[in-house]
Amino acid sequence: MSTLEPKYHIPGPKSAELLALSDTYEPGCTSQQAPIVWDHAAGCRVWDVDGNEYIDWTSGVLVTNVGHCHPQHVEYIREQAGRLLNPYDFPTPERVTLARRLVELTPDNLDNCFMLTTGSEATEAAMRVARRYTGRHEIISFWGGFHGRTYGAMSMAGKMGTKKNFGPLMPGCIYLPYPYCFRCPFRLHPDECGFFCLEQFADRIIEVSSTGDLAALIIEPYQGGSGFIFPPDGWLSRLQEWAKERDLIFILDEVQSSFGRTGKMLALEHEDLRPNLLCLGKGIGSGVPTAALLAESRLMQSLGPGEMSSTTGGNPLSCAAAHAVLDIMAEENLPENSRRIGEYMLGRLQKLAEEVEVLGDARGKGLVIGLEFVKDMESLEPAPDITEEVIMRCCERGLLVGKVGFYGNVIRVAPPLVITEEQAEQSVDIMAAVVRSL
Ligand SMILES: Cc1ncc(COP(=O)(O)O)c(C=O)c1O
C-alpha cells in the first residue's frame with residue numbers, strides 16, 4: 001500500500017473506549033495529541049490497543065532514547081526490581097557508581113552529583129543551590145524557556161501557557177530574549193546581527209527589572225517546549241562568557257537535550273560549555289523516572305547534610321535503568337547514530353521545506369528536529385490547524401508525531417536514537433507525502 005493512503009481509522013474502537021474513560025476519570029492527564037492509546041512498544045515501533053503499528057517520532061516525548069523496551073534495559077530493571085527497591089537514607093552500590101559515572105561523563109569542573117527523580121526537581125534543585133551559594137535571589141531565564149511545572153520551575157518559564165492563572169510566581173524572575181531567529185523580534189538575520197538580543201538588549205532588560213541581586217541564569221541548549229528552537233552557533237558560548245562577566249551562576253538545563261539526543265552525549269559538547277550546574281532528566285532513565293543535578297563541589301558545599309533530599313531520588317531501580325542507558329549508549333554508539341540519521345532526516349526535511357510553502361522551517365541537530373508550519377512565508381503566521389492535520393494524517397499512515405511550540409505549530413521529529421536507516425527513510429516518506437498533500 002502506498003504511504004500516501006491511510007492505513008488505519010483513528011481512533012480504533014478500543015482506543016476510543018479507553019479515551020472516553022480517560023476523559024471521564026482523568027481529564028487532561030496527558031496532552032496526548034493523536035487520539036490513540038498505546039499498548040506496547042519495541043525499539044522505534046509502537047502498537048496501539050487496536051493493534052495498529054506506528055513508527056514513533058515522539059520517544060514518549062524525548063524520553064526513551066535507547067528505544068522502547070530495549071532488552072538490556074529491561075533486563076537490568078528486572079534484575080534490580082527483584083533485589084532492592086528503596087533504601088532512602090542509605091547509599092547503594094548502584095547509586096554511588098552512577099554518581100561517579102555521571103561526574104566522569106560531564107565537564108571536569110562538575111565534580112559532584114545529586115540524584116533526583118524528575119526534571120522539574122533537577123531545575124528546582126539547581127536554583128536552590130545557586131541562591132544558597134550566592135546569597136542572592138534573582139534568576140534570569142529566557143523568553144519561551146521551559147524548566148518544568150513545579151512552582152519555581154514554572155516561574156522561570158518564558159511561556160505564558162505554562163503559568164497562566166497560577167500566580168503569584170516566585171519573586172526575582174527576569175526574562176531575556178532567546179534567539180528564535182526564524183521569528184527574530186528585532187527583524188535581524190543571525191549572520192549579521194552580532195547577537196543583538198544578547199549584546200545590545202539583555203542589559204537594558206536587566207536595568208529595568210533587577211533589584212541588583214542577580215544570582216544565576218538558567219537556559220536550555222535548544223528550546224524544547226517552545227518548538228525545538230536552536231540558537232545560532234557561538235551564541236551559547238558567548239552567553240556563558242556574558243554570565244561570567246556578570247558573576248552569575250550558569251545553569252544549563254539539559255533535561256531534554258542530553259543522552260545522545262542532539263548527536264553528542266550532551267548538547268554542551270557542541271560548544272564545549274562548562275556550566276556551573278547541569279540538570280539531567282528524561283533520557284537518563286529512558287522511561288524510568290530519573291534525574292540528576294551535576295554541580296561544582298564549591299556550590300554543593302553551601303548546603304548542609306539533608307538540606308536537599310528526595311524520597312525516591314537515586315532509588316536503585318532508577319539507577320539500574322541509568323546504568324543500562326549508559327552501557328547501551330556506549331555499546332551501540334547511539335549519539336553517533338543520532339548524528340548520522342539526524343543529518344539524513346534533516347537534509348530531506350529541509351528540501352521538503354523549500355518545496356512546500358506552509359512548511360516554513362525545518363531545523364535541528366541529531367534526532368531533534370522541528371518542522372514549523374506557517375500560513376505563508378510572507379506573514380509567517382503560525383498554522384496550528386495545519387499542524388493538527390499533519391498529526392492526524394501521519395497517524396492514519398502509521399507515523400506517530402506530536403506538536404509543540406510557542407504557537408502549537410511545530411511537529412516534533414524525535415524518534416528513539418536506535419532508529420534504523422530504513423525506518424528513517426520510510427517515516428520521512430510518510431511525512432513528505434502528507435506535507436505534499438496539504
Ligand atoms: C528542558 C526541560 N526542563 C525541565 C523539564 C521538566 O521535566 P519533568 O517533566 O521530568 O519534570 C522538561 C520537561 O519537558 C524539559 O523539557
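None of these values were measured; they are calculated from a predicted model. Here, residue 1 is the first one in the sequence, and each next residue gets the next number. Counting starts at 1 for both ligands and their atoms, in listed order.
Looking only at protein heavy atoms, the nearest one to atom 3 (N) of ligand 1 is Asp253 OD2, 2.7 Å. Looking only at heavy atoms of the protein, atom 12 (C) of ligand 1 is closest to Phe146 CE2, 3.6 Å. In this structure, atom 10 (O) of ligand 1 lies nearest to the protein heavy atom Gly119 N, 2.9 Å. Of the protein's non-hydrogen atoms, the one nearest atom 11 (O) of ligand 1 is Ser120 OG, 2.5 Å. Counting only heavy atoms of the protein, atom 5 (C) of ligand 1 lies nearest to Val255 CG1, 3.8 Å.
Side-chain contact check for Ile219 versus Phe250: some heavy-atom pair is nearer than 4.5 Å. By the 4.5 Å heavy-atom criterion applied to side chains, Phe228 and Val413 are not counted as neighbours.
Of the heavy atoms in Lys282, only side-chain atoms (C-beta onward) come closer than 4.0 Å to ligand 1.
Ligand 1 has no atom lying under 4.0 Å from any heavy atom of Glu254.
Contact check on Asp111 versus Arg298 returns no salt bridge, with no Lys/Arg side-chain nitrogen under 4.0 Å from an Asp/Glu carboxylate oxygen. With respect to Asp361 and Arg183, no salt bridge is recorded, no charged nitrogen being found less than 4.0 Å from a carboxylate O. The pair Arg128-Glu307 does not meet the salt-bridge criterion, since no charged nitrogen lies less than 4.0 angstrom from a carboxylate oxygen. Salt bridge status for Arg238 with Glu245: present, with a side-chain N to carboxylate O gap under 4.0 Å.
Atoms NZ and CD, from Lys244 and Glu241 in turn, are 9.0 Å apart once rounded to the nearest 0.5 Å.
Residue-ligand proximity, Gln256 to ligand 1, at heavy-atom distances under 4.0 Å covers atoms 16 (O). Taking every non-hydrogen atom of Glu220 and a distance limit under 4.0 Å, the qualifying atoms of ligand 1 come out as 1 (C).
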